[in-house]
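To start, the structure itself, in structure tokens.
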Amino acid sequence: MRFSKMFIPTLREVPADAEAVSHKLMLRAGYVRQLAAGLYIFLPLGWRALDKINAILKEEMDAIGSQEISMPILHPAEVWQQTGRWNAIGDEMFRLKDRTGREMCLGMTHEEIMTWLASREIRSYRDLPQIWYQIQTKLRDEARPKSGVLRTREFIMKDSYSFDADEESLEKNYQLHANAYHKIFSRCGLKFYQVESDPGMMGGAVSHEFMAPSPAGEDEVALCDKCGYAANVELAKSIPSKIKTEDWEFEEVHTPDKRTVQEVSNFLKIKPEYFVKSILVIADQTPVLALMRGDQELHEKKLTKIIGSHRPAQKTEVKEILGVEAGFIGPMNQKIRIIADSCLKEGVYISGANKQHYHAKGIKPEKDFKAEWHDIHLAKNGDKCSRCGAELRIERCIEIGNIFKLGTKYSVPLKAIFLDEKGEEKPIIMGSYGIGPARIAAAAIEQNNDKDGIIWPKSIAPFDVEILPLNMNDSKTVEVAERLYKDLREKGIEVLLDDRDERAGVKFKDADLIGIPTQIILGEKNLKEGFVEIKDRRTKEAVKVGVEEVVDRVSV
RNA sequence: CGGGGCGUAGCGCAGCCUGGUAGCGCGCCUGCCUUGGGAGCAGGAUGCCGGAGGUUCGAAUCCUCUCGCCCCGACCA
């Protein structure tokens, strides 16, 4: 392509409402434009990059026997009603009515429709296994679209679905996908981790996420470099640092108006890890007391798995239920259900004394209070790995893909049944697998950029090579540029020729910004001696090469 | 949905407090000049000051409502 004919609206200044690096660079380099919150237009360069990513997705999907199909984006409500998700999902689903008043929605994912298809067409174990996939638009009315293309209300997704006769076969398809995903993300030049994750509303028991480390990400993962344990912090197990067991005897300490752990800690000059933090929550009308060590954070999702959905108690409720003001509550002599974090099992602690302006020192777990012990704290840097004891590290990541074992969650309600060898009816065992191509692009930029702009991994760059004829008024320059442009393309290399009548500086700046991996620089002086420069965008290293050698020296 | 911030030219911003009819830089257009890191000179175009209502002789500026966008949090197949 010729730069002069291609729509590449680069920006000198950063639009004010971009925060994430990838967002800023995608806007500045002319890859995307924003239509409204969470709605993005992909411009020619951006679309080419996505095409590259999608081509890789297709190759790797085809390689595991997954078959590409295309499903409607507009769905009738009934199918979603049958699985219960019509009601389970709230405002995140775009809903509408057709002209006859029939309720419809815009697809946010396709488990229902895929299963619907399977239910009509798959009869026998002989029809299994199947893997179907599509690369297609999804719509979700996100509460908070953010970070450019990373969280949007409309986005393209590669979603595949496996249909199996039994668990072993599902396991096989699950591993096929996991392996394919490793290949895909590696080929896209990303640094990534496969981590254990919470299946959430997708249902099913097992799921993994593929996470690309980046400060722009929304998730945190806990990683053990020694044994390889890797999990999203929403379920990561960890062992907080051990503390010394003090030989305090039980006593009540006057702590006037000192309520928070920090306040009491400062007042008594005792570190927060010697405190028990008591948090009252209300789960379905029933009060539950959650106990944390003073230096730990409660992880809501972990608690939800144990007691179901809940909310924090209001101040008046605390007084009503426990008979003492928030800030002075403790676990002793409580009649209500108590969930305590496992790390509190050992040690001697301080907590509220259940008495206004008093805290109790010398509390011994199991002796002074009973509780159900669970890991309900948020894993943090420096915690120990629950498997091998080595130190964990927490890294912020972008979720670029996920894989779920769904089991029969969708096949049962949608009656996707097959007859096995014995003629018995069985529900199809399913899995679902997603990848966000735009997130791959954004993550690639997040992981590969410098002060001058994007540095695309070769595999997903919108072009392989950019030719920079520095002076378009020099006939020799133009002649060589045109010849290289033609020869390289004939060799199957995708070339962007900056044929604009711009000064050298502008061309250099734009080339670095849009990030094509290889630049071929044609300067007058070099050309007179028969040389051009081949410059690597990433290292900025340039080599002088004879004009006739260029085509052979440029590899894809 | 809760908290915060911002809407003035294509982009980045000033002006608003203290009301008097719109400004800067970049970009854009024309010409000259220049061609190895966002050149220079000369000339030019561009605004419902997000929208609606109100106060006032007069509103970008003050007041009320509303819409939009961004950030933090909640939420997130």
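Quick note on labels: first sequence line is chain A, next is B, and so on, each numbered from 1.
Salt-bridge annotation for A:Arg85 and A:Glu111: present, with a side-chain N of the basic residue lying under 4.0 Å from a carboxylate O of the acidic one. Ionic pairing of A:Lys58 and A:Glu68 is present here: one or more N-O contacts between side-chain nitrogen and carboxylate oxygen are shorter than 4.0 angstrom. A salt bridge does not link A:Arg151 to A:Glu399: none of the charged nitrogens lies less than 4.0 Å from a carboxylate oxygen. Salt bridge present: A:Arg396 and A:Glu220 bring a charged side-chain N and a carboxylate O closer than 4.0 Å.
If you check B:G7 for Watson-Crick or wobble pairing at under 3.5 angstrom, you find it paired to B:C67. B:U55 is unpaired under the Watson-Crick or G-U wobble criterion, no partner having all donor-acceptor distances under 3.5 Å.
Residue contacts shown for A:Met472 are absent, as no nucleic acid heavy atom lies under 4.0 Å away.
Taking the six-membered ring for Trp and the full ring otherwise, the centers of A:Tyr40 and A:His23 sit less than 6.0 Å from each other.
If you check residues 528-546 of chain A against RNA chain B, the residues with a heavy atom closer than 4.0 Å are A:Glu533, A:Lys535, listed by number.
Comparing the P positions of B:G3 and B:U66 gives a spacing of 14 Å, expressed to the nearest Å. Taking atom P in both B:C65 and B:G5, the straight-line distance is 16 Å, to the nearest Å. B:G27 sits 38 Å from B:G73 when the C1' atoms are compared, rounded to a whole Å. Nucleotides B:C13 and B:U30 place their C1' atoms 27 Å apart, quoted to the nearest Å. When the P atom is used for both B:A22 and B:A39, the distance is 32 Å, rounded to whole Å.
Ranked by how close their nearest RNA chain B nucleotide is to the 5' end, A:Gly434 and A:Ala36 are led by A:Ala36.
Rounded to an integer number of Å, the gap from CG of A:Leu470 to P of B:G38 is 12 Å. Rounding to whole angstrom units, NZ of residue A:Lys509 and P of B:G38 are separated by 6 Å.
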